[in-house]
Amino acid sequence: MAPKNDGSAKRVMNKGAWTAEEDSKLSQYIEIHGAKRWKTIAAKSGLNRCGKSCRLRWLNYLRPNIKRGNISDEEEDLILRLHKLLGNRWSLIAGRLPGRTDNEIKNYWNSHLSKKINQKQKTQEVSTVQETTPQLKSQGMAPMKEEGAKIVGSSEPTFDVNEFFDFSAEGSSGLEWVNKFLELDEDQWFTDKR
DNA sequence: AACGAAGTCAACCGCTAATTT
DNA sequence: GAAATTAGCGGTTGACTTCGT
């Protein structure tokens with residue numbers, strides 16, 4: 001679908017890093033008018049930015065109660081466990097970590113955790129293949145290299161969570177089912193960590 | 001001190017889903 | 001119900017910083 005030509009299409013928007021002045025303008029506008037209708041916010045706040053850019057800036061940096069940096073061990077554990085459960089559903093994972101944004105968690109995963117997991121996975125794969133291959137061969141099956149890799153550190157969960165859980169019935173911050181699942185998973189988790 | 005490689009993270013892009021007209 | 005608009009998501013990029021040589 002083609003966007004309406006409102007006369008602003010040819011206007012060159014600012015890109016790149018936000019300045020303190022831009023942050024201030026955006027914060028002030030949202031404080032008065034609320035964080036709705038980003039296109040309008042972008043147009044009326046005096047920022048030469050697109051609505052998308054304003055929304056991202058607000059959600060990731062300017063909104064209240066944002067935590068920055070220093071992800072604790074507890075938070076890291078939770079991210080690992082939620083990723084194991086949900087895959088790359090960063091916004092859902094972020095919903096369980098107050099003050100954290102999906103972008104931050106995604107970055108943290110890509111720069112820190114994926115490496116940790118790859119290392120762990122490599123060591124596990126060696127032992128798993130050694131243990132399972134003779135048995136699988138005897139059953140006429142190939143070693144499950146791909147499937148095995150999905151257990152930890154893949155971008156997809158090992159099952160379709162939508163088939164198991166009705167996301168439409170859950171608020172983003174009230175995912176009771178996650179806690180239940182994690183409680184169920186707790187024994188296994190601490191067994192893994194020992 | 002200088003340089004390149006690797007790591008980090010803010011921001012953009014493309015797409016889909018949800019909502020409004 | 002269809003079209004248009006808006007919101008939101010995840011993947012990717014690129015500028016900047018840190019580290020190693």
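Side-chain atoms are counted along with the backbone in the values below, which use heavy atoms only and exclude waters and symmetry mates.
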Checklist outcome for this item: In whole angstroms, the gap separating C1' of dA7(C) from CD1 of Ile41(A) amounts to 11 Å
Checklist entry - Does any residue of residues 51-65 of chain A have a heavy atom under 4.0 Å from DNA chain B, and if so, which ones, in number order? => result Lys52(A), Ser53(A), Leu56(A), Arg57(A), Tyr61(A)
Checklist entry - Which nucleotide, dA11(B), dA7(C), dC9(C), lies nearest any side-chain atom of Asn103(A)? => result dA11(B)
Next on the checklist: Using a 6.0 Å cut-off, check whether atom NZ of Lys44(A) has over 12 heavy atoms from anything other than its own residue.
Outcome noted: no
Checklist entry - Salt bridge check: are Arg57(A) and Glu22(A) linked by an N-O gap of less than 4.0 Å? => result no
Item to check | Residue pair Leu78(A) / Glu75(A), side-chain heavy-atom distance below 4.5 Å | outcome: no
Checklist outcome for this item: Here the gap from Leu97(A) atom CG to Leu82(A) atom CG, rounded to the nearest 0.5 Å, amounts to 6.5 Å
Next on the checklist: Regarding Lys106(A), tell me which of base, sugar-phosphate or nothing describes its non-hydrogen contacts under 4.0 Å with the strands shown.
Outcome noted: base
Checklist entry - Which whole-number value in Å describes the distance from Arg68(A) CZ to dC9(B) C1'? => result 9 Å
Checklist entry - Which nucleotide sits closest to the side chain of Lys15(A): dC13(B), dA7(C), dT12(C)? => result dC13(B)
Next on the checklist: Is the phosphate of dG8(C) approached by Ser91(A) (side-chain N or O, under 4.0 Å from OP1 or OP2)?
Outcome noted: no
Checklist entry - How long is the span from the CD1 atom in Ile32(A) to the CD1 atom in Ile41(A), to the nearest 0.5 Å? => result 11.5 Å
Checklist entry - Arg37(A) has an atom CZ; how far is it from atom P of dT21(B), in whole Å? => result 6 Å
Checklist entry - Roughly how far, to the nearest 0.5 Å, is the CH2 atom of Trp18(A) from the CG atom of Leu47(A)? => result 5.0 Å
